[in-house]
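This report refers to the structure that appears directly beneath it.
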Amino acid sequence: MPIAGSNKQILTKGLWIENPVLRHVLGICSTLAVTNLVINTLVMCAGLIFTLAMSCITVSAMRNYTPDRIRMMVQMLIISSYVIIVDILIKAYLPEISVALGPYVGLIITNCIVMGRCEAFARQNPPIPSMLDGLGTALGYSLVLLIISVVRETLGFGSIMGFTIMPDSFERWTIMIMAPGAFFMLGIFIWIVRARYPHLYEEKS
Amino acid sequence: MEISLNEISLTTLFFAAIFTNNILLTNFLGLCPHIALSRDLKSSLGLGAAVVFVTTSTSVLNHLLYYHILIPLHLEHFRFVLFIIVIASFVQLVEMIIDRYFPRLYIMLGIFLPLITVNCAILGISLFMVIRDYSLAQAMVYGAGSGIGWMLAITLVASIRDKIQSTANLPRGLEGPGITLIITGLLSLAFMAFSGMIQIQ
């Protein structure tokens with residue numbers, strides 16, 4: 001299968017036009033849970049970017065040697081090896097964040113985006129474009145989640161990355177740091193984007 | 001905290017997993033199939049039933065393998081690989097068995113089984129089980145409770161969505177995932193009312 005577009009196009013399409021969260025609403029499970037603090041979201045997104053880019057490279061490099069029937073299993077193994085690396089790194093260098101993230105680092109394995117990009121792109125393309133594709137998708141995903149986490153932390157704690165930015169008179173929105181806040185935020189965010197740019201999501205609705 | 005965890009009775013844990021610590025509504029797990037499939041009640045019920053069965057069995061299997069093989073060998077870091085392989089192969093095995101011996105059930109559940117492998121809730125339950133130090137019996141009850149809680153949440157959302165789509169006039173941007181997320185948020189808010197009842201963390 002031919003490469004779809006130039007390297008630059010491959011990298012940028014994941015950011016907006018093919019944004020995994022806004023367009024397909026995929027893979028939010030593992031990261032939405034930690035969006036109540038910007039710092040946790042940053043660490044999770046960095047983990048995802050690393051896992052996705054490296055898994056895409058590896059799957060693509062092995063694409064000619066992997067029998068079709070067991071490719072899912074091979075991809076799973078590749079992805080989980082990278083997630084183990086991420087987990088060990090976070091545990092070693094950021095122990096308190098590792099406790100706060102709990103099981104969610106491990107859940108990057110079942111993040112549908114990782115598997116989805118490996119299946120849809122890396123399996124049929126050479127390593128470098130595959131890596132760019134993974135990188136673009138992961139960055140687009142991180143962008144949306146960071147926006148959500150900034151709003152949630154500002155309204156819920158009155159701070160960003162732990163620095164208080166709201167005046168003392170500001171009444172904190174407790175709901176924003178709890179689970180429903182994340183659902184509402186993402187729902188409203190998707191609504192705004194889809195209402196603003198309807199042509200991007202035409203065939204979907 | 002660990003001491004109090006081990007004292008939790010099995011009934012408490014079961015109900016806590018369904019209501020106060022609902023895996024979908026408070027832990028955000030299993031959202032992808034939830035958003036994609038909560039369109040009609042029938043398929044949510046089918047998928048839910050399959051999930052309950054798989055979560056219960058895999059949490060027991062993973063518990064046994066983790067505490068009897070990985071811990072003695074000091075290979076705790078490999079739990080991700082182990083869990084995902086157990087889940088994937090268990091799902092495949094169940095699919096083959098059902099196909100061979102219960103063809104009618106296979107027609108009902110067959111298409112949902114492969115989807116379960118990538119359901120984050122299943123892996124999430126096994127990981128929570130390790131983090132919270134559950135005993136074998138607790139792991140089984142927690143797996144079953146979480147599966148039922150997930151099924152409850154997805155069927156509730158499916159029926160609400162069904163009603164809304166047939167009667168309400170939604171703005172175009174809100175159709176599909178947007179409204180599903182907002183319904184889920186409201187439901188999550190409603191389930192928080194249960195949190196005074198029991199608390200496990």
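This one's a predicted model, so the numbers in the text were calculated from it and none came from an experiment. Proteins come first, then strands; the chains are lettered A, B, ... in the order of their sequence lines, and each starts at number 1.
Within residues 62-79 of chain B, the residues having any heavy atom under 4.5 Å from a heavy atom of chain A are, by residue number, B:H77, B:F78, B:R79. Using non-hydrogen atoms only and a strict 4.5 Å limit, the part of residues 74-93 of chain A facing chain B consists of A:M76, A:L77, A:S80, A:V83, A:I84, A:D87, A:I88, A:K91. Heavy-atom neighbours of chain B within the stretch residues 170-178 of chain A, taken at a separation under 4.5 angstrom, comprise A:I175, A:M178.
Between A:L32 atom CG and B:L181 atom CG the span is 8.0 Å, to the nearest 0.5 Å. Rounding to the nearest 0.5 angstrom, the gap separating the CZ atom in B:F83 from the OG1 atom in A:T110 is 12.5 Å. Atom CZ of residue B:F28 and atom CG of residue A:L107 lie 13.0 Å apart, to the nearest 0.5 angstrom.
A:R71 pairs by the salt bridge (charged side-chain N to carboxylate O under 4.0 Å, His left out) definition with A:D68, A:E119, not counting sequence neighbours.
Heavy atoms of A:M73 lying under 4.5 Å from chain B belong exclusively to its side chain. Only the side chain of A:Y104 comes within contact range of chain B, with heavy atoms under 4.5 Å apart. Contacts of B:L123 with chain A are made by both backbone and side-chain atoms, with heavy-atom separations under 4.5 Å.
For chain B, the option among A:I192, A:I188, A:I109 with the highest count of heavy-atom pairs below 4.5 Å is A:I109. Most heavy-atom pairs under 4.5 Å with chain B: of the set A:P103, A:G102, A:G187, this distinction falls to A:P103. In terms of non-hydrogen atom pairs under 4.5 Å with chain A, the most contact-rich of B:G178, B:A88, B:C120 is B:C120. Between chain A and the options B:L187, B:I179, B:L186, heavy-atom pairs under 4.5 Å are most frequent for B:L186.
When all heavy atoms of B:L189 and A:P180 are compared, the pair lying nearest together is CD1-CG, 3.6 Å. Looking at every heavy atom in both residues, A:W191 comes nearest to B:P171 through CZ2-CG, 3.7 Å. Of all heavy-atom pairs spanning A:F183 and B:L24, the tightest one is CZ-O, 3.6 Å.
At most 12 non-hydrogen atoms from other residues, nucleotides or ligands lie less than 6.0 angstrom from CG of B:N169.
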